[in-house]
Every structure is written in C-alpha cells, then in structure tokens.
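What follows is a set of notes on a single structure, which appears directly below.
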2 protein chains.
Amino acid sequence: MELHEPELREVPVTAVLGALADDVRLQIVRALAEGGEYACGSFEFGVSKATRSHHLKVLREAGLTRTRAAGTSRYVRLRRDELDRLYPGLLDAVLTRSAAPGERV
Amino acid sequence: MELHEPELREVPVTAVLGALADDVRLQIVRALAEGGEYACGSFEFGVSKATRSHHLKVLREAGLTRTRAAGTSRYVRLRRDELDRLYPGLLDAVLTRSAAPGERV
DNA sequence: GAGCTTGTTCGATTTTTGTCGAACAAGGGT
DNA sequence: ACCCTTGTTCGACAAAAATCGAACAAGCTC
C-alpha cells in the first residue's frame, strides 16, 4: 500500500496551505486536533467514502497526518509537533478561526 | 471601480488559506510583507499583467490586502494588523517558510 | 485631443480539484 | 469458504482556478 508520508520540510508551503484550504479537510483537521487517533471511517462529513479517502490522502501527502494500518481499519493522527515546529502558530491560527465566518471574535 | 475589500472576519478561513496557497500570490505577499505600499506593476513574477491583476484581486477579496488608487496606478498593502489579530501566527508561519522546500530549518 | 501608461475585464483555453459510483483489496468473523 | 467491514483506486464528470491576449477604461502629458 505504500503509505506516502513525506518529510514536512520537503512539502511546498503552498501544498500545506492548499491542504488546509478546503472545508471538508478543515473539519477533519479540527477533529484530529482533539488529539489521539481516529479511524478513517469516523469522519462523517457528508461526503462519500471515496471522497473522504481522497481528502485523507491530500492531508497525508501534504505532510499533515500520519496513518497507521490495523486490521481493516486505518488510524489517522495529526503531525502536530512537526507542524508546530515548522509552522509555529499556523495550526492554532487556523483552528481557532475554523468556525463559520460571521461571528464575533 | 468599487474596490471590494471585505471585513476579514467575514471571509471564510478556507478562502484566506486558499488565497495563500499559490506560488505567485505567496511571492506577492512576501514582497508586501516588507511593509509599505507597492504599485501593482512592481510585481514581476513571470505572469502576464492580466494574471497578475487576477491574483491581486484574489488577495484583496480574501481580505489580505488593501488597495488605494492614485492616478493611473494602484497601490497595494498588506492588512497585516488585522491579519495578525484574527490569525495570530499565520502570516509569520507562512512567511518564514516561504522559501523553496528542501533547505534546512 | 492624441498618445502613453497603468490596470481591469472579457472571452477562451487548460489544468487542477472535488465528487461520486463501481470495482477492487485486505482482514476478520462465523 | 463465504460474507461483511473498511478503505483505496479507477474512471468519469463537473466545478473551480490559472493563464493568456485582446479590448477596454481612466489618468497623465505634451
């Protein structure tokens, strides 16, 4: 299966930002930011499983997540430490603003 | 001409990130981050002026820049204060990593 | 006013991206 | 062995985005 998980520093900034620039993926990242591992199937954001698989792949190949296979499931987690080291403030900035626009901050 | 400059808080996070998730626009933002105003024409990043105009529009409508018209020129500047207030760390995180990937950090 | 400069807007084209259903692969249970 | 569960991959398609040249608009300058 060859889980392609690049070194974060090898990933162009635009790819990291592009991975975050999507509603579905942002919801996934927000869920992952709670910490711990989540089975792929635990993400129910109104898209088909093919689409969900696609988004998880984008996140993984942008260096944002790691994936571990166990049985028929796969467990995904955020590469938060690396992210925070290479992009200090990025995740926090994005996550605290992840709500729908319009509300007061 | 109606320069459409939205309130930053009204702009979806994905739009802000999407605006930054492009090489040309990231170069523009890096230039703008030096501070001060720049005429649109001062950005020479290997694209036609139509394309450059397009990218500046994307940045403006994502709430990242303000544009002031003076004579036949337009002067663009980064809305850094607002950005830093609403997305603390975002700009810094992105700009310090704006170099081509591959180098040591 | 004619002509130049600076930008924007308008198609048109190409590329990228999001989406899905269907087919497939791999593991676990009975 | 068979089936069910969990995910991925494979077309296909639609929508969005990047790009350009050409036409246009608005200020200058002479």
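Every chain is numbered from 1, with letters handed out A, B, ... down the list of sequences.
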Would you check if [X] and [Y] make a side-chain contact, meaning some heavy-atom pair closer than 4.5 Å?
X: B:F43; Y: B:L56; result: yes
X: B:C40; Y: B:V76; result: yes
X: A:T65; Y: A:L32; result: yes

* Residue closer to the 5' end of DNA chain D, B:G71 versus A:C40 (nearest nucleotide) ->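 First, find each residue's nearest nucleotide; the 5'-ward one identifies A:C40.
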
* Of A:S53 and B:H55, whose nearest nucleotide on DNA chain D comes first from the 5' end? ->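 Closest to the 5' end, via its nearest nucleotide, is A:S53.
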
* **B:S73, nearest nucleotide to its side chain (from C:dT6, C:dT8, D:dC20)** => C:dT6

* Between the two ends of the helix from C:dG1-D:dC30 to C:dT30-D:dA1, what is the bend in degrees, rounded to 10 degrees, where each end axis spans five pairs? ->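 Answer rounded to 10°: the end axes differ by 10°.
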
Under 3.5 Å: donor-acceptor pair, side chain of [X], backbone of [Y]:
X: B:T96; Y: B:D92; result: yes
X: A:R25; Y: A:G18; result: yes
X: B:S42; Y: B:A39; result: yes

For [N], take OP1 and OP2 only and decide whether either is under 4.0 Å from a side-chain N or O of [X].
X: A:T72; N: D:dG7; answer: no
X: A:R74; N: D:dT6; answer: no
X: A:H54; N: D:dG7; answer: no
X: B:R52; N: C:dT6; answer: no
X: B:T51; N: D:dC20; answer: yes

Would you mind reading off the distance between [X] atom [atom1] and [N] atom [atom2], rounded to a whole angstrom?
X: B:E37; N: C:dG7; atom1: CD; atom2: P; result: 12 Å
X: A:R60; N: D:dT9; atom1: CZ; atom2: C1'; result: 12 Å
X: A:R68; N: D:dG7; atom1: CZ; atom2: P; result: 12 Å
X: B:E44; N: C:dG7; atom1: CD; atom2: C1'; result: 13 Å
X: B:L59; N: C:dG7; atom1: CG; atom2: P; result: 15 Å
X: B:E61; N: D:dA17; atom1: CD; atom2: P; result: 11 Å
X: B:K57; N: D:dA18; atom1: NZ; atom2: P; result: 13 Å

* First encountered from the 5' end of DNA chain C, between B:Y75 and A:V24 ->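 Comparing both residues, the 5'-ward one is B:Y75.
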
* Taking the nucleotide of DNA chain C with the closest heavy atom to each, which residue, A:K49 or A:A21, is nearer the 5' end? -> A:A21

* When you check the gap from the basic side-chain N to the acidic O, do A:E37 and A:R68 get nearer than 4.0 Å? ->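 Yes, charged N to carboxylate O under 4.0 Å.
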
* Asked: Is it true that A:E82 and A:R79 have a side-chain N and a carboxylate O under 4.0 angstrom from each other?
  ->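 Between A:R79 and A:E82 there is a salt bridge, with a charged N closer than 4.0 Å to a carboxylate O.
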
* Across the strands shown, which category fits A:V58 at heavy-atom distances under 4.0 angstrom: base, sugar-phosphate, nothing? ->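 Answer is nothing: A:V58 stays at 4.0 Å or more from every strand.
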
* Answer with base, sugar-phosphate or nothing: what part of the nucleic acid does A:A39 contact at a heavy-atom distance below 4.0 Å? =>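 Sugar-phosphate, backbone atoms only, no base.
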
